[in-house]
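Side chains included, hydrogens not; waters and symmetry mates left out as well; all remaining heavy atoms used.
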Amino acid sequence: QVQLVESGGGLVQAGGSLRLSCAASGRTFTTYGVGWFRQAPGKEREFVARISWSSGNTHYADSVKGRFTISRDNAKNTVYLQMNSLKPEDTAVYYCAADSSPLMSTSSGRYDYWGQGTQVTVSS
């Protein structure tokens with residue numbers, strides 16, 4: 001099993017920044033990468049970004065490209081999501097998830113382990 005714990009959410013004004021963390025523990029060696037997803041009230045969960053543990057290869061949703069940066073610290077088994085130039089439409093619960101497949105999936109259904117989520121609220 002793999003356990004994931006997110007932190008770093010909060011309330012920020014539009015144009016501001018936040019950094020989310022996702023700390024992984026357990027059998028992390030069974031996973032290939034970590035993704036960030038978000039879900040706003042009344043909307044489906046959507047892909048934000050993902051990163052491979054080994055290669056560091058990244059992939060972003062078009063809506064966050066150029067504003068968000070995903071990174072990882074393998075020694076700490078932690079993945080980060082630096083979010084800059086935040087917009088009110090970025091408001092959502094943000095989840096990290098671990099993928100046991102080597103494919104760079106953007107589908108939430110492909111991920112095996114999930115954190116509890118952290119709330120990000122961007123005021124206008």
Side-chain angles (χ1 to χ4, degrees):
Q1 289 284 6
V2 176
Q3 294 78 42
L4 302 170
V5 179
E6 303 98 334
S7 60
L11 173 64
V12 64
Q13 288 188 334
S17 299
L18 282 174
R19 189 177 82 154
L20 305 183
S21 298
C22 174
S25 61
R27 298 170 60 87
T28 57
F29 58 87
T30 63
T31 61
Y32 282 87
V34 169
W36 284 98
F37 292 80
R38 65 186 182 185
Q39 188 165 19
K43 294 188 176 181
E44 293 187 354
R45 191 168 297 188
E46 65 173 356
F47 169 79
V48 176
R50 72 153 284 160
I51 189 166
S52 166
W53 281 120
S54 57
S55 68
N57 287 341
T58 60
H59 181 65
Y60 297 91
D62 288 343
S63 59
V64 306
K65 204 171 291 184
R67 299 188 298 123
F68 290 11
T69 302
I70 190 170
S71 62
R72 93 277 195 223
D73 184 335
N74 286 11
K76 295 182 179 180
N77 283 340
T78 299
V79 172
Y80 305 98
L81 185 67
Q82 178 66 43
M83 307 186 294
N84 298 330
S85 302
L86 283 162
K87 305 175 182 179
E89 51 263 44
D90 293 318
T91 295
V93 177
Y94 283 70
Y95 300 89
C96 67
D99 187 357
S100 298
S101 166
L103 299 177
M104 294 285 280
S105 178
T106 61
S107 172
S108 61
R110 294 285 189 178
Y111 287 74
D112 303 289
Y113 307 100
W114 290 83
Q116 81 288 350
T118 185
Q119 176 71 46
V120 171
T121 303
V122 184
S123 63
S124 56

Colleague: Do the side chain of D99 and the main chain of V34 share a donor and acceptor less than 3.5 angstrom apart?
Modeller: no
Colleague: Do Q3 and W114 come close enough that some side-chain heavy atom pair is under 4.5 Å?
Modeller: no
Colleague: Determine whether R38 and E46 make a side-chain contact, defined as any pair of heavy atoms from C-beta on separated by less than 4.5 Å.
Modeller: yes
Colleague: Could you tell me whether K65 and D62 have a side-chain N and a carboxylate O separated by less than 4.0 Å?
Modeller: yes
Colleague: How close do V79 and W53 get, heavy atom to heavy atom, and via which atoms?
Modeller: CG2-CH2, 3.7 Å
Colleague: Quick one: does any side-chain atom of T31 pair with a main-chain N or O of T28 as donor and acceptor, under 3.5 Å?
Modeller: yes
Colleague: Only distances under 3.5 Å count here; give the side-chain donor-acceptor pairs of residues 117-124 to other protein atoms, sequence neighbours excluded, each with its distance to 0.1 Å.
Modeller:
residue : atom : partner : partner atom : Å
T118    : OG1  : G9      : N            : 3.2
Q119    : NE2  : A92     : O            : 3.4
Q119    : NE2  : T121    : OG1          : 3.3

Colleague: Of all heavy-atom pairs between S17 and S85, which one has the smallest distance, and what is that distance?
Modeller: OG-N, 4.4 Å
Colleague: Under 4.5 Å between side-chain heavy atoms, hopping through other hydrophobics if needed: is there a path connecting W36 to Y95?
Modeller: no
Colleague: Is there a continuous path of hydrophobic side-chain contacts, each under 4.5 Å between heavy atoms, that joins L81 to L86?
Modeller: yes
Colleague: Has the side chain of E6 got a donor or acceptor atom that lies under 3.5 Å from a matching backbone atom of Q116?
Modeller: yes
Colleague: Any side-chain heavy atom of T69 within less than 4.5 Å of one from Y60?
Modeller: yes
Colleague: Students often mix this up, so state it plainly: with edges at 30° and 60°, are the rings of F37 and F47 parallel, tilted or perpendicular?
Modeller: perpendicular
Colleague: For A98, is there any backbone N or O sitting under 3.5 Å from a side-chain donor or acceptor partner on R50?
Modeller: no
Colleague: Assess the residue pair T78 and D73 against the criterion (side chain to side chain donor-acceptor pair (under 3.5 Å)); give the C-alpha distance rounded to whole Å, side-chain angles, the decisive distance to 0.1 Å, and a yes or no.
Modeller: CA-CA 5 Å; T78 299; D73 184 335; over 6 Å; no
Colleague: Do V48 and I51 share a hydrophobic cluster, counting only Ile, Leu, Val, Met, Phe, Trp and Tyr and linking them when any side-chain heavy atoms are less than 4.5 Å apart?
Modeller: yes
Colleague: May I ask you to test the H59-T106 pair for a side-chain heavy-atom distance under 4.5 Å?
Modeller: yes
Colleague: Would you call the rings of F68 and Y94 parallel, tilted or perpendicular, taking 30° and 60° as the class edges?
Modeller: tilted
Colleague: Report whether Y111 and L4 are members of the same hydrophobic cluster (ILVMFWY, side-chain heavy atoms less than 4.5 Å apart, transitive linking).
Modeller: no
Colleague: Looking only at heavy atoms, which two atoms of R72 and S52 are closest? And how far apart?
Modeller: NE-O, 3.6 Å
Colleague: Would you check if L20 and Q82 make a side-chain contact, meaning some heavy-atom pair closer than 4.5 Å?
Modeller: no
Colleague: Do the side chain of T30 and the main chain of R27 share a donor and acceptor less than 3.5 angstrom apart?
Modeller: yes
Colleague: Is the backbone N or O of E89 less than 3.5 Å from a side-chain atom of T91, with the two atoms forming a donor-acceptor pair by type?
Modeller: no
